[in-house]
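First the structure, in the form of structure tokens, and then the observations on it.
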Amino acid sequence: RFTDKDRDLYFQLSEREYAIASERRGAAGVYFVLLLGYFRAKNQFFDVAAETSQEDVRYIVGRHFPAIRERLLVPPSRPTLQSLQDDVLEVLGFRRWAGMRSVLVRRLKELAMRSTLPRYLVREAISFLERERIALPAYSHLQDLIGAVVTCETERLTRMLKDAMPAKVRKQLDALTQPDGSAYRITMLKQDLRDFTYKALRTEVERRKIFAPLHAFATTFLARAAISTDSSKYYSSLVMYYTTTKLQRMAPLQAKLYLLCFCYHRYRQVNDHLVEAFV
């Protein structure tokens, strides 16, 4: 959605751009300028047949093509729009993203070892595309791509966890999502320290005893699997986000990975609480 100042800026044409637009018959030249202006603003192609673009179309006609009659301003066919997009990419020195998909996936897989936070991966993907002068894909394509990369990294980690996890650790992680009296054990372990009363500190010490053996295994496993602090914190946060029922319905190894990261960070948080209490 352009303001009047945006239109003045983004719909300016160089001699070469005006020549390309003028070579197109009828409304095709107008829609070339429209696509060009939108791409300059966002490095992306948009649906120029939408009602919201009609005000921009009228501006372009008034500024560059006053001889064109209103009745000719019907959006071009899909093949023509594809051809116009190719002209825009050539003029601005960009490439379509489809041909670079495998390169982007490989780059994102490397970054996913540093952090699987989707927001981080999206920012890095956009930076990579802009740096390589590649047209941005539709949001849905980017969303699917990031989802696939995160899934791939999770599968890598769960395979490693399956090979490295002793039976004792497996049982301890399973026990976290089992009922313990009137509530699930993991529900009790999620609770934070409210104060430094004797009763509260005794409860915190008991939590520490539960987390200690899992933290010891997690320290070794996280280092071997090259899981960054950001990624392990993200996986840990998912345990706080999901209900116990949701964790029980997940793929078992995926749930255990999240629980292991939760125990690793929660153990350290408990230690901080106890140190602060003694201070």
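- Checked by atom type and distance alone, the side chain of His64 never pairs as donor or acceptor with a backbone atom of Ala21 at under 3.5 Å.
- Using a 4.5 Å cut-off on side-chain heavy atoms (C-beta onward), Glu153 and Lys109 make no contact.
- Between the CD atom in Glu132 and the OG atom in Ser127 there is a gap of 11.5 Å [rounded to 0.5 Å].
- Ring geometry for Tyr258 versus Tyr242: interplanar angle under 30°, hence parallel rather than tilted (30 to 60°).
- Between the Arg268 side chain and the Cys263 main chain, no donor and acceptor come within less than 3.5 Å of each other.
- More than 12 heavy atoms of other residues, nucleotides or ligands lie within 6.0 Å of CD in Glu110, so this atom counts as buried by the packing criterion.
- Listed for the Ser237 side chain is a donor-acceptor partner under 3.5 Å among the backbone atoms of Tyr234.
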Should Arg58 and Glu55 be marked as a salt bridge (charged side-chain N to carboxylate O under 4.0 Å, His left out) after you check the CA-CA gap, both sets of side-chain angles, and the distance that decides it? CA-CA 5 Å; Arg58 286 191 287 271; Glu55 192 171 348; 5.2 Å; no

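- Residue Glu90 qualifies as open at atom CD: its count of foreign heavy atoms under 6.0 Å is 12 or below.
- Contact check for Pro76 versus Leu84: side-chain heavy atoms found under the 4.5 Å cut-off.
- Proximity of a side-chain donor or acceptor of Arg63 to a complementary backbone N or O of Asp8 within less than 3.5 Å is detected.
- Annotation: the span from Ile20 atom CD1 to Ser14 atom OG amounts to 7.5 Å, rounded to 0.5 Å.
- Side-chain N or O atoms of Asp6 include one that pairs as donor or acceptor with a backbone N or O of Thr3 at under 3.5 Å.
- With hydrogens and angles disregarded, no donor-acceptor distance shorter than 3.5 Å links the side chain of Arg131 to the backbone of Ile126.
- In Lys190, the NZ atom is crowded: over 12 heavy atoms of neighbouring residues, nucleotides or ligands sit closer than 6.0 Å.
- Gln44 places no side-chain N or O within 3.5 Å of a backbone atom of Ala135 that could act as its donor or acceptor partner.
- Put simply, the side chain of Thr154 gets close to the backbone of Val150: a donor and an acceptor are under 3.5 Å apart.
- By the 4.5 Å heavy-atom criterion applied to side chains, Leu176 and Leu189 are counted as neighbours.
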Give the C-alpha distance, both sets of side-chain angles, the deciding distance and a yes or no for salt bridge (charged side-chain N to carboxylate O under 4.0 Å, His left out) between Asp4 and Arg7. CA-CA 5 Å; Asp4 290 338; Arg7 294 184 184 100; 3.0 Å; yes

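- Taking 4.5 Å as the limit, some side-chain heavy atom of Asp192 sits within range of a side-chain heavy atom of Gln269.
- Note: Ile134 CD1 to Arg101 CZ = 13.0 Å, rounded to the nearest 0.5 Å.
- Side-chain contact check for Ser83 and Thr80: no donor-acceptor pair (N or O, by modelled atom type) lies under 3.5 Å.
- In terms of heavy-atom proximity, Tyr31 sits nearest to Pro75 at OH-CG, 3.6 Å.
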Please lay out, stage by stage, how Asp87 and Arg24 fare under the test salt bridge (charged side-chain N to carboxylate O under 4.0 Å, His left out). CA-CA 11 Å; Asp87 288 343; Arg24 293 283 184 170; 2.7 Å; yes

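- Panel note: side chain Ser115, backbone Leu111; no donor-acceptor pair is recorded below 3.5 Å.
- Between Leu193 and Leu201, the closest side-chain pair of non-hydrogen atoms falls below 4.5 Å.
- The residues Glu17 and Arg40 are annotated as salt-bridged, a charged nitrogen and a carboxylate oxygen being separated by less than 4.0 angstrom.
- There is no side-chain donor-acceptor pair under 3.5 Å between Ser53 and Asp56.
- A distance below 6.0 Å separates the ring centres of Phe39 and Phe94.
- Side-chain contact check for Ser236 versus Tyr264: every heavy-atom pair is 4.5 Å or farther apart.
- The shortest distance between side-chain heavy atoms of Arg106 and Val103 falls below 4.5 Å.
- Judged by distance alone, the side chain of Ser231 and the main-chain N or O of Thr116 form a donor-acceptor pair under 3.5 Å.
- A salt bridge links Asp174 with Lys256: the closest approach of a Lys/Arg side-chain nitrogen to an acidic carboxylate oxygen falls below 4.0 angstrom.
- Between Phe2 and Tyr59, the distance from one ring center to the other does not fall under 6.0 angstrom.
- Rounded to the nearest 0.5 angstrom, Phe221 CZ and Leu260 CG are separated by 7.0 Å.
- Using a 4.5 Å cut-off on side-chain heavy atoms (C-beta onward), Leu121 and Leu117 make no contact.
- Within the model, atoms CE of Met165 and CZ of Arg170 stand 3.5 Å from one another, a figure rounded to the nearest 0.5 Å.
- Looking at His215 and Arg266, their side chains never bring a donor and an acceptor atom within 3.5 Å of each other.
- The CZ atom of Phe45 sits 14.5 Å away from the CH2 atom of Trp97 when rounded to the nearest 0.5 Å.
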